[in-house]
Undergrad: 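The structure is given below, and queries will be raised subsequently.
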There are 2 protein chains.
Amino acid sequence: MPEAMRWSTENCTISRTMQILGDKWTFHVLRELFVGVRRFEDIRARSGIPRQVLTERLAALIERGLLRRHPYRLPGQRERYEYRLTQAGLDLYPVLVAMIQWGDQYLPLDGGPPIVAQHRECGERISVVLRCEAGHEPDAREVAIRPGPGARPRSLAG
Amino acid sequence: MPEAMRWSTENCTISRTMQILGDKWTFHVLRELFVGVRRFEDIRARSGIPRQVLTERLAALIERGLLRRHPYRLPGQRERYEYRLTQAGLDLYPVLVAMIQWGDQYLPLDGGPPIVAQHRECGERISVVLRCEAGHEPDAREVAIRPGPGARPRSLAG
DNA sequence: TGGCTGAGTCTGTCAAGTGGACTTATCCTC
DNA sequence: GAGGATAAGTCCACTTGACAGACTCAGCCA
């Protein structure tokens, strides 16, 4: 029996993160904000999200603290709001970059990658690497996901 | 107008990756495999996925090349199959670790993290870092996501 | 006064997820 | 060889959520 079977999933960090991100459309919304598209109608036009779903997802992301509304005003128009990433939202960059990196490797396109992550200062391509606290950079087979200090035993019954 | 508005999203790497991963249950399945739970009934019991959905998601992940079926046999039982990550699946570690890291920071629990990523060789905690090809390790505000060589212009009309 | 625009809200339809019961194949015990 | 256990599914009825398309609303402009 795998060791993990003895531990509960109820408070699992991945689950709790997926409750926020784990939705087809939520990730599309985040992508738009990461590439700099901030307004309702622009996000909708580029991503194809149904309006109602977009409204709901934006509200959820604000409530979770990943976005905030920011007033803006076009000349000769009334004040409106755009949506911006908070620090919590910006800190999803590693997740985004890791996904782009995986996609570039396993779902490549003939013309090359359609989007790249770039260091603003020097213009070079950015990627993510795994690193342990001893300074090693392990590859995938050297990584193990184990129960941590907050792990709770599983009440078997299902 | 943000620059990104001029570029099409149709072949976006994030979208194409999300077509595979961007589903509440798919990620739960992957989590189970990453922590070492490989059998249908074990996955179902720990994650609470409805059987029908689990059947469908496993089949999809196999078809996409992230998993493979592997025969096994318990003493005194007939042969069955378990599910294992392929190299493509294992290479999602950076995505998983990035998500755990974000969750630990922004959705912390009193008892500490319920799961941790560990280097098998030395036992130290593993995290992900962003790094550019010039060797810098930028923080979130220094990252930009830009159109790459495969970007296609957007036919405006929506 | 009437029209434009961005950002929504409303509505009916239809696909998908859900829980619970049922099925199948194999092995074990009697 | 009959009956039971078990892992891995299938089947079914029900409910929830996504979806497209039309409608609303507030402020500004001509």
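So that the names make sense, note that chain A is the first sequence line, chain B the second, and so on, each numbered from 1.
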Undergrad: Can a salt bridge be assigned to the pair A:Asp23 and A:Arg57 using a cut-off of 4.0 Å between side-chain N and carboxylate O?
TA: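 Answer for the salt bridge query: yes.
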Undergrad: What's the CZ-P distance between B:Arg51 and D:dT6, to the nearest Å?
TA: 13 Å
Undergrad: If I take atom CZ in residue B:Phe40 and atom P in nucleotide D:dA7, what distance separates them, rounded to the nearest angstrom?
TA: 12 Å
Undergrad: Between B:Val129 and A:Val128, is the side chain to side chain contact (heavy atoms under 4.5 Å, CB included) condition met? List the steps.
TA: CA-CA 5 Å; B:Val129 293; A:Val128 300; over 6 Å; no
Undergrad: May I ask you to evaluate whether A:Arg73 reaches the phosphate of D:dC28, defined as a side-chain N or O under 4.0 Å from OP1 or OP2?
TA: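 It does, given that an N or O in the side chain of A:Arg73 lies less than 4.0 Å from OP1 or OP2 of D:dC28.
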Undergrad: At under 4.0 Å, does any side-chain N or O of A:Arg57 touch on OP1 or OP2 of D:dA18?
TA: yes
Undergrad: Looking at C:dG6, D:dG27, D:dA20, which one has an atom nearest to any side-chain atom of A:Glu41?
TA: C:dG6
Undergrad: Has A:Arg38 got its NZ or CZ under 6.0 Å from the middle of the six-membered ring of A:Tyr83, at an angle within 45 degrees of the ring axis?
TA: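 Verdict for A:Tyr83: no cation-pi partner in A:Arg38.
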Undergrad: Look at the side-chain N and O atoms of A:Trp25 and state whether any lies under 4.0 Å from the OP1 or OP2 oxygen of D:dG17.
TA: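 Checking A:Trp25 against D:dG17: no side-chain N or O falls below 4.0 Å of OP1 or OP2.
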Undergrad: Between B:Tyr72 and D:dA8, is there a contact of a side-chain N or O with OP1 or OP2 at under 4.0 Å?
TA: yes
Undergrad: Return no unless some side-chain N or O of A:Lys24 is found under 4.0 Å from OP1 or OP2 of D:dG17.
TA: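 For D:dG17, OP1/OP2 do not have a side-chain N/O of A:Lys24 under 4.0 Å.
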Undergrad: May I ask you to say what B:Glu79 touches in the nucleic acid, namely base, sugar-phosphate or nothing, with a heavy-atom cut-off under 4.0 Å?
TA: nothing
Undergrad: Using whole Å, report how far CZ of A:Arg44 lies from C1' of C:dG6.
TA: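 Interatomic distance, CZ of A:Arg44 to C1' of C:dG6: 11 Å.
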Undergrad: Taking atom P of C:dC10 as reference, at what distance in whole Å does atom CG of A:Leu54 sit?
TA: 16 Å
Undergrad: Rounded to whole angstroms, how far apart are CD1 on A:Ile62 and P on C:dA7?
TA: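 Computing the A:Ile62:CD1 to C:dA7:P distance gives 13 Å.
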Undergrad: Check the phosphate of C:dG8 against A:Tyr83, side-chain N and O only, distance under 4.0 Å to OP1 or OP2. Yes or no?
TA: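 Looking at the OP1 and OP2 atoms of C:dG8, one of them is under 4.0 Å from a side-chain N or O of A:Tyr83.
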Undergrad: Are any of the side-chain nitrogens in B:Glu137 or A:Arg131 under 4.0 Å away from the carboxylate oxygens of its partner?
TA: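 Result for this pair is yes, salt bridge flagged.
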Undergrad: Of the options C:dA7, C:dG17, D:dT6, whose atoms approach the side-chain atoms of B:Arg80 most closely?
TA: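 In terms of side-chain proximity for B:Arg80, the closest of C:dA7, C:dG17, D:dT6 is D:dT6.
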